[in-house]
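A note on names: the letters A, B, ... follow the listed sequences, proteins ahead of strands, and every chain is numbered from 1. Atom set for the values below is all heavy atoms of this structure, side chains included, hydrogens, waters and symmetry mates excluded.
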Protein chains: 2
Amino acid sequence: MTDGSAGHRPTERADLAAMIGPLGKALMNDELPILQRHGLSMWAYAVLSTLDRTPLRTQAALAQAIGADKTRIIATLDDLQDRGLIQREPDPEDRRARLLGLTAAGERLRDAAKRDIQRGEDENWLAHLPDDERDTFLRALATLAARARPDRDEP
Amino acid sequence: MTDGSAGHRPTERADLAAMIGPLGKALMNDELPILQRHGLSMWAYAVLSTLDRTPLRTQAALAQAIGADKTRIIATLDDLQDRGLIQREPDPEDRRARLLGLTAAGERLRDAAKRDIQRGEDENWLAHLPDDERDTFLRALATLAARARPDRDEP
DNA sequence: ACAATCAATAAGCAGATGCATACGGTAAGC
DNA sequence: GCTTACCGTATGCATCTGCTTATTGATTGT
């Protein structure tokens with residue numbers, strides 16, 4: 001009686017973290033060369049994605065939204081601004097803060113990068129799910145991801 | 001007309017990586033205190049989980065299975081061996097390699113940790129999915145995770 | 001006006017990670 | 001026997017991450 005039939009049944013499923021962790025790493029590895037082709041770092045792409053069309057009022061809010069340290073995204077923002085991809089000007093109503101938003105060029109680049117990334121994800125990953133699982137998987141994943149956003153405290 | 005109704009529709013869904021990455025991080029953060037309570041690091045737990053009951057013949061194979069550098073798991077293996085949680089002896093048929101396996105104590109500790117971890121995952125994450133999405137999500141996730149395992153080259 | 005507060009920025013530190021090199025012990029081919 | 005290749009191990013390096021402290025300019029409350 002080693003195990004596996006009638007024991008204490010230690011494992012019905014693998015740990016979520018044990019599945020999602022490596023999966024995330026693999027997705028990042030797929031994504032990296034695509035982003036490089038567009039001249040973007042992972043953080044830069046996270047900034048462009050978050051700054052979608054809704055401008056943020058402070059850099060600290062942006063940093064928190066992408067789960068980064070606020071002192072670490074400054075160089076990324078400098079670069080994006082120098083390249084004309086983001087707007088970043090002092091808020092006239094509170095000149096301590098910097099209003100952040102995408103420029104038209106930033107939006108174009110973001111859309112192009114996102115299109116390439118999602119095409120890769122579709123082909124390399126989602127295409128290997130049965131048709132009747134794909135939508136449910138994406139819906140459930142979106143639910144859990146919303147719960148994981150660093151800007152809320154688990155209700 | 002800001003966005004969202006009739007534009008070029010740049011985003012039907014969020015990037016998989018953008019959802020799975022932060023979700024993995026959140027899961028790790030939940031897991032860390034549980035592992036600490038059992039006296040295990042993340043790598044140590046990965047070792048115990050992988051060494052389940054199927055012994056491996058080389059440390060390099062173990063390192064690859066958990067996606068770690070083979071030179072970096074040595075300290076972890078030393079510690080686990082000192083604590084009597086794993087078996088690690090030279091293969092009599094090829095004394096370069098070390099046969100790796102769990103001891104009974106290692107198996108007990110692994111089961112206890114896994115039980116606590118999965119209970120936390122059930123309560124904090126899976127319980128917030130609709131009943132009819134949960135199983136499908138887990139099945140699809142397992143499919144993708146199997147595809148992400150570092151020991152295979154995408155077929 | 002003055003003190004306390006806040007945002008952005010700069011700088012530093014401990015730890016982890018990926019990557020590369022080097023060395024001793026072991027095995028296998030010739 | 002000798003060369004070559006492989007495993008475990010030790011070590012170093014460049015980078016990234018989370019975290020902390022300090023400075024400067026701007027705002028707010030009293």
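Considering only residues two or more places apart in sequence or on other chains, A:R98 meets the side chain to side chain donor-acceptor pair (under 3.5 Å) condition with none of them. Residues meeting the side-chain contact (heavy atoms from CB on, under 4.5 Å) test with A:D79, sequence neighbours left out: A:R83. Every residue was checked against the side chain to side chain donor-acceptor pair (under 3.5 Å) condition with B:D91, not counting sequence neighbours, and none meets it. Under the rule for a side-chain contact (heavy atoms from CB on, under 4.5 Å), the partners of A:N29 that lie at least two apart in sequence or sit in another chain are A:K25. Residues satisfying the side-chain contact (heavy atoms from CB on, under 4.5 Å) criterion with B:A60, sequence neighbours excluded, are B:T58, B:K70. Every residue meeting the side-chain contact (heavy atoms from CB on, under 4.5 Å) condition with A:M28, not counting sequence neighbours, appears here in chain and number order: A:M42. With sequence neighbours left out, A:R139 forms a side chain to side chain donor-acceptor pair (under 3.5 Å) with B:E133.
Note: CD (A:Q59) to C1' (C:dA7) measures 8 Å, nearest angstrom. In this structure, CG of A:L62 is placed 15 Å from C1' of C:dT9, rounded to the nearest angstrom.
When hydrophobic residues (I, L, V, M, F, W, Y) are linked wherever their side-chain heavy atoms come within less than 4.5 Å, the members clustered with A:L23 are A:L16, A:M19, A:I20, A:L27, A:W125, A:L126, A:L129, A:F137, A:L138, A:L141, A:L144, B:L16, B:M19, B:I20, B:L23, B:L27, B:W125, B:L126, B:L129, B:F137, B:L138, B:L141, B:L144.
Against DNA chain D, the stretch residues 73-86 of chain B makes heavy-atom approaches under 4.0 Å through B:I74.
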Polar atom pairs (N or O), protein with nucleotides 14-17 of chain D, under 3.5 Å:
from	atom 1	to	atom 2	distance (Å)
D:dT17	OP2	A:W43	NE1	3.2

List every contact pair, protein side and nucleotides 20-28 of chain D side both N or O, where the distance is under 3.5 Å.
from	atom 1	to	atom 2	distance (Å)
D:dT27	OP1	A:R95	N	3.2

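Recorded end-axis angle for the helix from C:dA1-D:dT30 to C:dC30-D:dG1 stands at 20°, based on five pairs per end and rounded to 10 degrees.
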